[in-house]
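First the structure, in the form of structure tokens, and then the observations on it.
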Amino acid sequence: MAKTHSGRIGAALALVMTAGMAHADGEIVAIYKSGTQQYFIDQGAGFVAAAEELGYEARIINVELDANLAISAIADAIASGADAIAITSPDQALGPAIAAAAAEAGIPLIATDDPLEAGDGSAVPFAGFDGVAMGTSVGERAGELLAESGWLDAGDYGIMSVEVQTLSVCNDRTNAAIEQVIAAGGSPDNVIAVPYEGTTDSALAAAGPIITANPQVNNWVVFACNDEGTLGALNALNNAGFSPDNIIGVGLGAYEACRPWAADVPTGFRAALYISGVDVGDAAARALINTVETGEPLPPFTVADTTIVDPSNYADIMPCG
């Protein structure tokens with residue numbers, strides 16, 4: 001797959017070279033796999049604000065989980081004379097081709113959120129979060145809530161792990177969350193994997209049949225790779241007639257979880273891990289611009305902090321809406 005993508009990028013770059021490059025000094029580009037999600041909207045805002053503060057223009061390209069659009073976006077950024085590129089790739093298999101294209105063009109590249117590897121197996125410089133630590137925090141809170149619920153005694157509970165199984169950073173999150181829920185007393189036999197594509201609609205579609213196939217389950221614990229995954233499963237439970245009292249949902253992102261809290265609407269979201277896309281965008285832009293200005297290598301890892309929030313404290317920690 002990587003060879004195919006590499007060929008496509010190479011062909012696109014060849015067309016760019018024959019047309020000539022008009023370098024627009026002072027522009028950095030961020031490419032996001034799901035640019036309409038609130039998290040990536042926030043990340044783009046942080047990226048743009050940091051660039052402008054440092055005297056650069058910033059451009060955001062949304063590829064909506066489309067690998068071909070990501071290839072075109074890389075070629076477009078190089079053609080436009082961008083000084084540096086940040087990318088959350090829709091497919092980690094694109095890593096070698098993306099890294100090779102940036103290296104050939106002499107452009108600093110940083111992977112945001114989802115780690116990438118170059119063709120030689122080396123890691124592309126990364127800005128984002130520690131996936132295992134994130135999942136551990138989510139699982140710890142879900143486990144605490146499960147232990148407090150009284151459901152363990154009855155045993156009539158299910159644990160939905162809503163997973164993007166093709167994405168390593170998502171596997172890091174949900175695997176770590178499962179470990180913590182089991183450590184808190186949850187049975188591994190009650191864990192059900194729910195594969196989805198990272199969106200609310202795909203989680204909704206995937207969770208519905210799981211709920212139907214498990215009529216013996218009266219209470220559900222739900223966590224996912226992101227807030228959208230948890231929200232989609234909660235919507236499916238709502239459609240199936242489950243009360244929020246019978247749901248322990250722990251989000252990852254908090255931008256969807258906080259909406260019903262702010263509206264004082266009953267919800268299965270009991271807590272969420274707040275991650276600031278703004279912080280990641282800011283960090284990526286500053287790292288790229290520093291490299292452009294000084295010639296220093298990009299730092300291998302730029303990791304942002306996270307915080308568990310719930311209806312009692314979210315308003316003091318994060319914006320919502």
Exercise. Mind checking what makes ring pair (Phe, Tyr, Trp, His ring centres under 6.0 Å) contact with F40, not counting sequence neighbours?
Worked result: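 With neighbours one apart ignored, the set is Y32.
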Which heavy atom of [X] sits nearest to which heavy atom of [Y], and what is that distance?
| X | Y | result |
| --- | --- | --- |
| S137 | I308 | O-CD1, 3.8 Å |
| A147 | A184 | CB-O, 4.2 Å |
| C225 | T174 | N-CG2, 3.9 Å |
| V162 | A233 | CG2-CB, 4.1 Å |

Distance-only, no hydrogens or angles: does the [X] side chain make a donor-acceptor pair with backbone N or O of [Y] under 3.5 Å?
| X | Y | result |
| --- | --- | --- |
| S276 | D279 | yes |
| T88 | T112 | yes |
| N190 | Y157 | yes |
| T291 | E296 | yes |
| D66 | L69 | yes |
| N171 | Q165 | yes |
| S122 | A118 | no |
| D172 | G131 | no |
| D282 | V278 | no |
| Q43 | A30 | no |

Taking the side chain as everything from C-beta on, heavy atoms only, tell me whether [X] gets closer than 4.5 Å to [Y].
| X | Y | value |
| --- | --- | --- |
| Y196 | L204 | no |
| L288 | F47 | yes |
| L116 | L94 | no |
| L54 | N290 | no |
| N219 | S149 | no |
| T199 | E228 | no |
| W220 | I192 | yes |
| D76 | V29 | no |

For this session: If a pair satisfies ring pair (Phe, Tyr, Trp, His ring centres under 6.0 Å) and one of its residues is in residues 302-321, list it, with sequence neighbours excluded.
Result: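 Qualifying pairs: W261-Y314.
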For this session: Answer yes or no: does atom CG of D120 have more than 12 heavy-atom neighbours from other residues, nucleotides or ligands under 6.0 Å?
Result: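 More than 12 heavy atoms, drawn from other residues, nucleotides or ligands, come within 6.0 Å of this atom.
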For this session: Inspect the surroundings of CD in E144 and state if more than 12 heavy atoms from other residues, nucleotides or ligands are less than 6.0 Å away.
Result: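 Yes, CD of E144 has more than 12 neighbouring heavy atoms, counting only those of other groups under 6.0 Å.
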Using only heavy-atom distances, determine whether the side chains of [X] and [Y] contain a donor-acceptor pair under 3.5 Å.
| X | Y | result |
| --- | --- | --- |
| E163 | S161 | yes |
| Q38 | D227 | no |
| E64 | T36 | yes |
| D114 | Q92 | no |
| S312 | D310 | yes |
| T302 | R286 | no |

Exercise. Quick one: do D113 and K33 make a salt bridge, cutoff under 4.0 Å?
Worked result: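 Salt bridge absent between D113 and K33.
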Rounded at 0.5 Å granularity, tell me how far [atom1] in [X] sits from [atom2] in [Y].
| X | Y | atom1 | atom2 | answer |
| --- | --- | --- | --- | --- |
| I247 | F242 | CD1 | CZ | 7.5 Å |
| I31 | I60 | CD1 | CD1 | 10.0 Å |
| N226 | C170 | CG | SG | 6.5 Å |
| L167 | R173 | CG | CZ | 7.5 Å |
| L234 | I248 | CG | CD1 | 11.5 Å |
| E179 | T136 | CD | OG1 | 7.0 Å |

Problem set entry | Partner of V181 under side chain to side chain contact (heavy atoms under 4.5 Å, CB included), chosen from V138, L146, V250, V191 |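 Of the listed residues V138, L146, V250, V191, the side chain to side chain contact (heavy atoms under 4.5 Å, CB included) partner of V181 is L146.
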Exercise. Cluster question for you: counting only ILVMFWY and a side-chain heavy-atom cut-off of under 4.5 Å, with indirect links fine, are L252 and V169 together?
Worked result: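 Unlinked, L252 and V169 end up in two clusters.
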